[in-house]
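Have a look at the structure below before the remarks.
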Amino acid sequence: MTSLKDDTSAAPAAPFPTAFRWGAATAAYQIEGAAGEDGRGPSIWDTFCRTPGKVLRGDTGDVAVDHYHRFPEDVALMADLGLTAYRFSISWPRVQPAGAGAFNTEGLDFYRRLVDALLEAGIEPWPTLYHWDLPQPLEDKGGWPERETAHRFAEYADHVHAALGDRVARWMTVNEPWCAAFLGYASGDHAPGRVDPAGSLLAAHHLMLGHGLAVEAMRARRPDNRFGAAVNLYAVSPATGDPADADAARRIDGLQNRLFLDPLLLGRYPEDVLADTSRYGFTPPDADLAVISQPLDQLGVNYYSRHTVAGTPGEAAQTASSPFATNSPWPGSEHVRFVPAGRPVTGMGWEIDEGGLHEVLTRLHREYPSVPLYITENGAGYDEVPDDDGTVQDAGRIAYLDAHLRACHDAISEGVPLHGYFTWSLLDNFEWAWGYSKRFGLVHVDYATQRRVPKESARWYAGVIRRGGLPERG
């Protein structure tokens, strides 16, 4: 493979801070495969994938992109890109198959080997402890709507931290709790596929409680490590000036953004969201908020698009969470419609709006206590295929990344404490309910052969990293 570092580039027109972390992100179920090997137990996604009509074409993560066996090759790709950090997730059922009780040494050993390989390559490991793969035995006992799951998560997190904390300094607890709670338990679009709006609100709270309990345990063990969570945030706009549309925007902003940011950073739940969801009896204990809101060392921001919403009757836009979506993931605001705003879209049908990322970052800086921020996911799914000569042209992805990195640069210039960027994703992979039909990777994967080929976006990103910033606008 021709090195991604071969070409030379001029100094950047939009430089980033010298210590800025340049990374890429993945998730265990989406890339690891080896679903039945070395003591790994079943997760809710293993079960969900085997439920007819839940995942496109009946795809599963059984093999995924075989990262479990091919991680040395993947780490070499990261090094060739010039990544300074790599965000990955740890599979809870690989480490603790039942979600409680005995831990699996072989599972932990895989992550020890991965961390060692990253460190040897000069890449900082950023593990996420929960990226949606709940051990199935815990779901059988009620899953995240049960308070006990938060305590089991803290126990698991503490055990992994004890094994890796001497070599890993940066930790993320939960990834996108909105998705895990509301796509998993309200709409049923994601595992475990339950339609239980009241339970989904409890799941959201217990995911946040699990985060807090895990940070308490890990910080007590190694107070010099750095801890945070990754939340998926959206800019939210009313479709028109109609008061009903403004109310819809308030509601969706509340459930998508403030339901998680306010407990994490302000130690309270937003009163209007509690009122909106009152029909479901959502009354989280006040005492939990002190656990949830302990100081964060870092906050991960996952951003892909903007929500444009209406509270008046009419036709709604298609959701992209699942090709089979039928139920609302918005408890208490099921009437809200998501409408197209006329922007260009990615292959996922998501509107491209880099201004929304700037809006999210500056709002965080303006309305919440200061905390170091990191873009922990940002990217675009397209359906590109290799050319006859094997190259993968993905100009759309390059344009998307360029625009969003410029939004990051603008935010930094305005005082936002943004310290790193992890693009989604390093590799093409299993895209949840969409199976293998959508590709987000910088690196193309031939799923039949597992051959990896860096796309043109990989070469572009390597140049950005090498320069320490963005070129002149084209």
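Just so it is clear, the model here is predicted, and its values are computed rather than measured.
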Item checked: Sequence-distant partners of His69, side chain to side chain donor-acceptor pair (under 3.5 Å), two or more places apart -> Glu37, Asp66

Next item on the list: Give a yes or no on whether a salt bridge exists between Arg250 and Asp253, defined as a side-chain N under 4.0 angstrom from a carboxylate O.
Entry: no

Next item on the list: Evaluate the ring planes of Tyr400 and His404, with Trp represented by its six-membered ring, and classify them as parallel (under 30°), tilted (30 to 60°) or perpendicular (over 60°).
Entry: parallel

Item checked: Short side-chain to backbone donor-acceptor contact, Arg50 and Thr60, under 3.5 Å -> no

Check: Relative to each other, are the rings of Tyr130 and Phe153 parallel, tilted or perpendicular (30° and 60° limits)?
Finding: perpendicular

Next item on the list: Would you please name every residue forming a side-chain contact (heavy atoms from CB on, under 4.5 Å) with Leu119, sequence neighbours left out?
Entry: Val115, Pro125, Arg167

Note to self: So that I can tick it off, tell me whether Arg113 and Asp116 are bridged by a salt bridge, with the cut-off set at under 4.0 angstrom between side-chain N and carboxylate O.
What the structure shows: no

Checklist line | Counterpart residues, side-chain contact (heavy atoms from CB on, under 4.5 Å), relative to Thr84 (two or more places apart) | finding: Arg21, Trp22

Margin query: Could you go through Asp247 and Arg251, starting from their C-alpha distance and side-chain angles, then the distance that decides it, and tell me whether this counts as salt bridge (Lys or Arg N to Asp or Glu O under 4.0 Å)?
Written below: CA-CA 6 Å; Asp247 183 66; Arg251 286 170 172 270; 2.9 Å; yes

Note to self: Can you list everything that forms a salt bridge (charged side-chain N to carboxylate O under 4.0 Å, His left out) with Glu216? Sequence neighbours excluded, please.
What the structure shows: none

Notebook entry, point to check: Under 3.5 Å, is there a donor-acceptor pair between the side chain of Thr51 and the main chain of Thr47?
Noted result: yes

Note to self: If you define the side chain from C-beta out and look only at heavy atoms, does anything of Leu357 sit under 4.5 Å from Ile375?
What the structure shows: yes

Notebook entry, point to check: Should the pair Tyr234 and Tyr303 be assigned to parallel (<30°), tilted (30 to 60°) or perpendicular (>60°) ring geometry?
Noted result: tilted

Next item on the list: Consider only side-chain N and O atoms of Asn429 and His67, and report whether a donor and an acceptor are under 3.5 Å apart.
Entry: no

Checklist line | Salt-bridge contact Arg40-Asp46 (side-chain N to carboxylate O under 4.0 Å) | finding: yes

Checklist line | Results of salt bridge (charged side-chain N to carboxylate O under 4.0 Å, His left out) for Asp166 - residues two or more places apart only | finding: none

Notebook entry, point to check: Heavy-atom distance under 4.5 Å between the side chains of Tyr447 and Asp428, does that happen here?
Noted result: yes

Item checked: Side-chain donor-acceptor pair present, Arg87, Thr128, cut-off under 3.5 Å -> yes

Notebook entry, point to check: Which pairs with one or both residues in residues 169-180 pass salt bridge (Lys or Arg N to Asp or Glu O under 4.0 Å), sequence neighbours excluded?
Noted result: none

Note to self: With heavy-atom distances below 4.5 Å as the criterion, would you say the side chains of Val65 and Arg452 are in contact?
What the structure shows: yes

Margin query: By the ring-ring contact (aromatic ring centres under 6.0 Å, His included) test, which pairs, at least two apart or in different chains, include something from residues 194-220?
Written below: His205-Tyr269

Notebook entry, point to check: Quick check: does any side chain N or O of Arg306 sit under 3.5 Å from a backbone N or O of Glu351, one acting as donor and the other as acceptor?
Noted result: no

Item checked: Verdict with reasoning, Trp178 to Gln256, per side chain to side chain contact (heavy atoms under 4.5 Å, CB included) -> CA-CA 7 Å; Trp178 184 90; Gln256 179 76 67; 3.6 Å; yes

Item checked: Exercise: identify the closest heavy-atom pair between Leu266 and Pro369 -> CD2-CD, 3.6 Å

Notebook entry, point to check: Under 3.5 Å, side chain of Asn104 to main-chain N/O of Gln96, donor-acceptor pair present?
Noted result: no

Checklist line | Sequence neighbours excluded - salt bridge (Lys or Arg N to Asp or Glu O under 4.0 Å) pairs with any residue from residues 222-231 | finding: none

Notebook entry, point to check: Can you find a pair of side-chain heavy atoms, one from Ile31 and one from Asp74, that are under 4.5 Å apart?
Noted result: no

Notebook entry, point to check: Does Val231 have any side-chain contact (heavy atoms from CB on, under 4.5 Å) partners at least two apart in sequence or in another chain, and if so, which?
Noted result: Pro177, Leu233, Phe260, Leu261, Leu264, Leu299

Check: Any chance the rings of Trp126 and Phe422 have centres within less than 6.0 Å?
Finding: yes

Next item on the list: List the steps, then state whether side chain to side chain contact (heavy atoms under 4.5 Å, CB included) holds for Phe103 with Val160.
Entry: CA-CA 9 Å; Phe103 288 88; Val160 173; 5.6 Å; no

Next item on the list: Assign the ring pair Trp350 / Phe440 to parallel, tilted or perpendicular, where the plane angle (0 to 90°) is split at 30° and 60°.
Entry: tilted

Next item on the list: Measure the acute angle between the ring planes of His307 and Trp330, then classify it against the limits of 30° and 60° as parallel, tilted or perpendicular.
Entry: perpendicular

Next item on the list: Check Ala154 against Ala214 and note the closest heavy-atom contact, atom names and distance.
Entry: CB-N, 3.8 Å

Check: Cut-off 3.5 Å, side chains only: do Tyr86 and Thr26 have a donor facing an acceptor?
Finding: yes

Notebook entry, point to check: Mind checking whether Phe48 and Trp45 have parallel, tilted or perpendicular rings, split at 30° and 60°?
Noted result: perpendicular

Next item on the list: Name all residues meeting the salt bridge (charged side-chain N to carboxylate O under 4.0 Å, His left out) criterion together with Arg219; count only those two or more places apart in sequence or in a different chain, and write none if there are none.
Entry: Asp297

Next item on the list: Compare all side-chain heavy atoms of Leu274 with those of Pro284 and state whether any distance is below 4.5 angstrom.
Entry: yes

Next item on the list: Would you check if the side chain of Ser333 reaches a backbone N or O of Val336 as a donor-acceptor pair within less than 3.5 Å?
Entry: no

Checklist line | Residue pairs passing the salt bridge (Lys or Arg N to Asp or Glu O under 4.0 Å) test where at least one lies in residues 96-107, sequence neighbours excluded | finding: none

Next item on the list: Output all residues satisfying salt bridge (charged side-chain N to carboxylate O under 4.0 Å, His left out) with Glu146, sequence neighbours left out; order by chain, then residue number.
Entry: none

Check: Is a side-chain N or O of Gln450 found less than 3.5 angstrom from the main chain of Ala64, in a donor-acceptor match?
Finding: yes

Note to self: Is it the case that the ring center of Tyr421 lies less than 6.0 angstrom away from the ring center of Tyr374?
What the structure shows: no

Item checked: Thr376 vs Trp424 side-chain heavy atoms within contact, under 4.5 Å -> no

